[in-house]
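FYI, side chains are in, hydrogens and waters are out, and symmetry mates aren't considered; it's all heavy atoms of this structure.
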Amino acid sequence: MEQEKRKELEQEKKSFENKKVEVDRENQHFREDYRKKYNELELQVQLFESRKAENEEMIQKSEQALKAKHQEVDDIRKRLTIQESDLLRRYKVLEQKELIISKQADEYETKLEVFHMEKQSFDREKYQVTDLASKTREQSEVINKFKRDFDTEKERNKRLKAELENMQYKL
């Protein structure tokens, strides 16, 4: 019986040793899993930290770029405002010039109309003068013909008178 008890105890001991080995194996396995998971977590933390740093750097660069863009937009806005005021000033100057040119064009049109009226008046007067000159020439020719005829007749009358006087003297 003692032997049996011993055997049982030995078997129990073996069983406990086997269980201990098995528990040790499981513990070892859990430790390795824990170590692997811990290492993975550490890698993930490092990756997270590096991504966090990259993101913060990218955010900082983005903020700087945004500030630069805002500054650029403000500068462009200022330039456009200056250009707009310059163009508005030029536009007003051009409007003034356009008004002056419009007035000058109206004055020119008026002068042109006066010129055309004066030219028409001049052409009428020229026609009248030409017509009068033509009539005067015709009358001049009639007067000259009359004068020639008169002079011829006068000469003939003088000759006749001289002949008459000559005849009277002879008689």
Side-chain angles (χ1 to χ4, degrees), residues 12-151:
E12 245 181 80
K13 184 182 174 188
K14 263 189 185 185
S15 168
F16 278 126
E17 283 177 1
N18 284 339
K19 277 187 181 182
K20 183 183 174 192
V21 168
E22 200 174 303
V23 166
D24 282 345
R25 246 189 265 146
E26 282 180 18
N27 276 343
Q28 185 68 25
H29 181 66
F30 282 131
R31 280 185 197 142
E32 286 177 21
D33 274 352
Y34 174 78
R35 211 174 305 124
K36 282 182 186 177
K37 287 183 181 179
Y38 181 79
N39 286 338
E40 285 177 8
L41 282 174
E42 268 191 14
L43 285 174
Q44 286 180 357
V45 166
Q46 287 174 353
L47 182 62
F48 174 77
E49 290 296 325
S50 85
R51 284 185 181 166
K52 180 182 172 186
E54 287 174 4
N55 285 340
E56 286 175 353
E57 185 180 335
M58 192 168 63
I59 287 171
Q60 188 177 9
K61 285 180 181 178
S62 295
E63 285 175 349
Q64 289 173 349
L66 184 63
K67 283 180 184 178
K69 284 290 181 187
H70 279 296
Q71 184 64 38
E72 185 180 339
V73 166
D74 287 343
D75 291 345
I76 289 171
R77 190 175 290 129
K78 286 176 187 175
R79 277 196 319 254
L80 288 176
T81 303
I82 291 169
Q83 285 178 348
E84 182 182 19
S85 69
D86 184 48
L87 289 173
L88 187 60
R89 183 185 50 76
R90 284 176 166 176
Y91 178 73
K92 287 181 179 179
V93 167
L94 288 176
E95 278 184 332
Q96 290 293 79
K97 285 182 180 180
E98 182 181 17
L99 284 173
I100 291 169
I101 289 171
S102 177
K103 287 179 182 177
Q104 288 175 343
D106 289 344
E107 289 173 3
Y108 173 75
E109 285 295 322
T110 305
K111 287 179 182 179
L112 193 60
E113 287 176 14
V114 168
F115 170 76
H116 283 302
M117 291 188 320
E118 287 177 354
K119 185 176 183 306
Q120 286 175 347
S121 176
F122 173 77
D123 288 344
R124 278 194 302 274
E125 288 178 16
K126 180 181 165 186
Y127 175 75
Q128 289 172 350
V129 167
T130 305
D131 189 45
L132 186 62
S134 175
K135 287 179 181 175
T136 305
R137 234 179 285 120
E138 288 174 7
Q139 287 177 355
S140 213
E141 287 175 15
V142 168
I143 290 172
N144 284 340
K145 185 179 179 204
F146 176 77
K147 189 177 175 189
R148 278 192 310 266
D149 289 347
F150 177 77
D151 286 344

Under the side chain to side chain donor-acceptor pair (under 3.5 Å) test, which residues partner [X], sequence neighbours left out?
X	answer
D106	none
E57	K61
R25	none

From [X] atom [atom1] to [Y] atom [atom2], the distance as rounded to the nearest 0.5 Å:
X	Y	atom1	atom2	answer
S15	K20	OG	NZ	13.5 Å
D151	N144	CG	CG	10.0 Å
E113	K119	CD	NZ	15.5 Å
L94	L87	CG	CG	10.0 Å
L112	H116	CG	NE2	3.5 Å
S121	F115	OG	CZ	12.0 Å

TODO: Assess whether salt bridge (charged side-chain N to carboxylate O under 4.0 Å, His left out) is satisfied between K37 and D33, documenting all intermediate values.
DONE: CA-CA 6 Å; K37 287 183 181 179; D33 274 352; 5.7 Å; no

Open item on the list: Quiz question: by atom type and distance under 3.5 Å, do the side chains of D75 and Q71 form a donor-acceptor pair?
Closed with: yes

Open item on the list: Under a 3.5 Å threshold, yes or no: a donor from one side chain and an acceptor from the other, between E95 and Y91?
Closed with: yes

With sequence neighbours left out, what residues match [X] under side-chain contact (heavy atoms from CB on, under 4.5 Å)?
X	result
L132	T136
K145	R148, D149
I76	E72, R79, L80

Contact between [X] and [Y] at the side-chain level, heavy atoms closer than 4.5 Å - yes or no?
X	Y	value
K13	E17	yes
K126	F122	yes
L43	Q46	yes
Q44	F48	no
L47	S50	yes

Task: Check: S62 side chain, M58 main-chain N or O, donor-acceptor pair, under 3.5 Å - done: yes

Open item on the list: Looking at D74 and R77, is there a salt bridge between them, counting it only when a charged N and a carboxylate O are closer than 4.0 Å?
Closed with: yes

Task: Among Q83, E84, R89, side chain to side chain contact (heavy atoms under 4.5 Å, CB included) partner for D86 - done: R89

Open item on the list: Just checking E42: does its CD atom have more than 12 heavy atoms from other residues, nucleotides or ligands closer to it than 6.0 angstrom?
Closed with: yes

